[in-house]
Amino acid sequence: MPAITLPDGSVRTFDAPVSGTTVAAAIGPGLARAALAMKVDGKLVDLSSVIEADARVVFVTRKDEDALEMIRHDCAHVLAEAVQELFPGTQVTIGPSIENGFYYDFARNEPFTTEDFAAIEAKMREIVGRNAAFERSVIDRDEGIAFFEAKGEKYKAELIRDLPGTEVITLYRQGEWIDLCRGPHMRSTGDIGTAFKLMKVAGAYWRGDHRNPMLSRIYGTAWRDQKELDAYLHMLEEAEKRDHRRIGKDMGLFHLQEEATGSVFWHPKGWKLYRTCEDYMRRRIAGDGYLEVKTPQLVDRVLWEKSGHWEKYREHMFLARVDEEDKTLALKPMNCPGAVMIFRQGIRSYRELPLRLAEFGACHRYEPSGALHGIMRVRSFLQDDAHIFCTEDQIAAETVKFVELLSSVYADFGFPEFRVKFADRPPTRAGTDATWDKAESSLKEACVTAGVKYELNPGEGAFYGPKLEFVLRDAIGRDWQCGTLQLDFVLPERLDAEYVAEDGSRRRPVMLHRVIFGSMERFLGILIEQYAGRFPLWLAPVQVAVATIVSDADGYATEVAEALRRAGLSVKLDLSNQKINAKVREHSLQHVPVIAVVGRKEAEQRTVALRRLGGEAQELVPLDEAVARLAREATAPDLARPTLVQGAA
RNA sequence: GCCGACGUAGCUCAGUGGUAGAGCAACUGAUUCGUAAUCAGUAGGUCGUCAGUUCAAUCCUGACCGUCGGCACCA
């Protein structure tokens, strides 16, 4: 006698166990048509599931977020059926729903290409049109294995073999096609609708392990209706326009070329942006008590052997040999050993701790060719690195201080939101389990103190310690780790760093590795995409374009440009023999934030006509006032903030 | 590194087994025109690199390099 409680609080009682389909029909024909699945006591299940006992039931219709995920999952099944109909002999593996869509991994001798898409999509539409019901059935473990092996589906058989013995093994049938699946699904293939599209093909390792065979993955996107699909596709197009590689080229910020794979050639405008960010960071860390140092680029392998990098990361290091000397040097892949070498000079006292040694350190890492991506992932980059040597007692306070600094920096660059991940001990690591226990718990406590909310990223810590990862998102939704804070009890031990404690004993300091931008290259890539090249005035590589209307104004325009430059602004003087329309267009396309137009009238009145990027309005301003105002507006946000001292005065 | 696609002028792209074109940009000249493209002319490419097939290769084949989309990797 199940009593079913609906979201509005009403209760319906049935004489015997009932399916969701029956319940929906009992409530009304509208719901019967709209219900795709249901949540029974919060658990999403097939509409045809039978409710045995009292339960709270929520019906899922097309409007619900859960429906979207089911559309995508069902769509993956239809994709698999279509592929197997069209390409007999192809084995199916797994096909989940993902953000914005779904994929399915197939095992086939010949990988798919985008040229196959038209036929596959047509077949998918045909299958959706058949509107075959999704039918769930439970199968015995051994039968299931035998069933899939008989069909030549060895991947599916392997999946069942690896399921825990307690797991109920379910199959879903749609028409003649059957897949191993946990479910749930909607009522029938027709519920998917037609707002789907195959997007790309890719290789992917079976079970995500590079030692396994490579499968052919087909990605698709699926939505509730055509309007949503169109909006998504349009969003992707827009996002492509923000791509830092596109903007970097169009604005002349940087380039990459074959002879220096993975290294950036920064052009004047790009380098201006780079330096603006670097200068900003120098001020911020100086304000937080960091001392800047610089350590050698080329270091003997002996040091890397001591630090443990040689053993674990040699294949990622660029080596340098000199014929005259029997030595192997390595370009530093990171700055930490250098920082420890500085710490080790002389005898350190507990009174010096925490000692915050910062370095804008150029690092080189031989990244796998397939990992390279524009300026986001390169082989030569600059870290805004720092190493904080402190006592265990100081970890929490330093973490809090760091998170505050990082949050403030990200906010200044237009990233008020960011994600934090806590990465704990990796499979290959240095240090004892006891050390790791201590390090992980210290960092977690520090997070509590700092009020940092994180998600767990298991097994992704550095080899010497756990880390916090601060993640920013690019234009197309890809996540990139930028900032990080890493707790390290290992390197001080390996490289023998110590200080004299209050009681005269020698102690090991704890080392905190931390970056905020992470890599300048990556951060700038994200920054470019964040603003789509339309930087706020303080960041813009060219801040003002002074453009003349007639050549009679050339002299005055030159004067204007000089005045602005004296005020510290980056100015492009455009005396070219073009119409003002063309000049406005050109500088607008270059995303120059302010165009100062100068004609006869301005020259006579000693004014400028200011036009802001993206606006059409012009503002006639006396030259002196324009210079003062723009200089003030172009002040970096950290310098524009009143300091405590000024506030007190 | 693995799977797939791609590589033609500075940029965006077209094209063909008989050694290449367009638009924009560049350069020259004319134009001095008040807020998103003034007109005309000129110049510019061993078609990613190296082999092979062919009477003949930018086009076909192979290797390599690079780029792109994923996967794996990311100290």
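Just so you know, these numbers use all the heavy atoms, side chains as well, and skip hydrogens, waters and symmetry mates. Every chain is numbered from 1 and lettered A, B, ... according to where its sequence line falls, protein lines coming before strand lines.
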Next item on the list: Could you run through RNA chain B and flag its stems, i.e. three or more consecutive Watson-Crick or G-U pairs with both distances under 3.5 Å?
Entry: B:1-7 with B:65-71, B:10-13 with B:21-24, B:26-30 with B:38-42, B:48-52 with B:60-64
Next item on the list: With sequence neighbours excluded, tell me which residues meet side chain to side chain contact (heavy atoms under 4.5 Å, CB included) with Lys438(A).
Entry: Glu392(A), Ser442(A), Phe489(A)
Check: For Lys241(A), which residues count as a salt bridge (charged side-chain N to carboxylate O under 4.0 Å, His left out) partner, sequence neighbours excluded?
Finding: Glu238(A)
Next item on the list: Sugar-phosphate atoms are those with a prime plus P, OP1 and OP2; base atoms are the rest. Using that split, label each nucleotide of nucleotides 59-66 of chain B B, S or - for protein heavy atoms under 4.0 Å, 5' to 3'.
Entry: ------BS
Notebook entry, point to check: Does Glu604(A) have any side chain to side chain donor-acceptor pair (under 3.5 Å) partners at least two apart in sequence or in another chain, and if so, which?
Noted result: none
Notebook entry, point to check: Quick one: what's the B/S/- string for nucleotides 32-41 of chain B, heavy-atom cutoff under 4.0 Å, read 5' to 3'?
Noted result: BBBBBBB---
Note to self: It should be established whether Lys312(A) places a side-chain nitrogen or oxygen under 4.0 Å from OP1 or OP2 of nucleotide rA75(B).
What the structure shows: no
Check: Is there a side-chain polar atom (N or O) of His373(A) under 4.0 Å from OP1 or OP2 of rG69(B)?
Finding: yes
Next item on the list: Applying side chain to side chain donor-acceptor pair (under 3.5 Å), name anything that partners Asp488(A), two or more places apart in sequence or on another chain.
Entry: His513(A)
Check: What residues in residues 477-486 of chain A put a non-hydrogen atom under 4.0 Å from any atom of RNA chain B?
Finding: Arg478(A), Gln486(A)
Which atoms of nucleotides 8-10 of chain B (N or O only) lie under 3.5 Å from a protein N or O atom, and what are those distances?
none

Give every donor-acceptor pair under 3.5 Å between a side-chain atom in residues 592-601 of chain A and any protein atom, sequence neighbours left out.
unit_1, atom_1, unit_2, atom_2, d
Arg600(A), NE, Asp552(A), OD2, 3.2
Arg600(A), NH2, Asp552(A), OD2, 3.1

Would you mind writing out the side-chain donor-acceptor pairs for residues 108-117 of chain A within the sub-3.5 Å range, not counting sequence neighbours?
unit_1, atom_1, unit_2, atom_2, d
Arg108(A), NH1, Glu110(A), O, 2.9
Thr113(A), OG1, Glu115(A), N, 3.1
Asp116(A), OD2, Thr113(A), N, 3.0

Notebook entry, point to check: Residues two or more places apart in sequence or in another chain: which of them pass salt bridge (charged side-chain N to carboxylate O under 4.0 Å, His left out) with Glu440(A)?
Noted result: Arg425(A)
Notebook entry, point to check: Within the structure shown, what part of the strands sits under 4.0 Å from Lys332(A) by heavy-atom distance: base, sugar-phosphate, or nothing?
Noted result: nothing
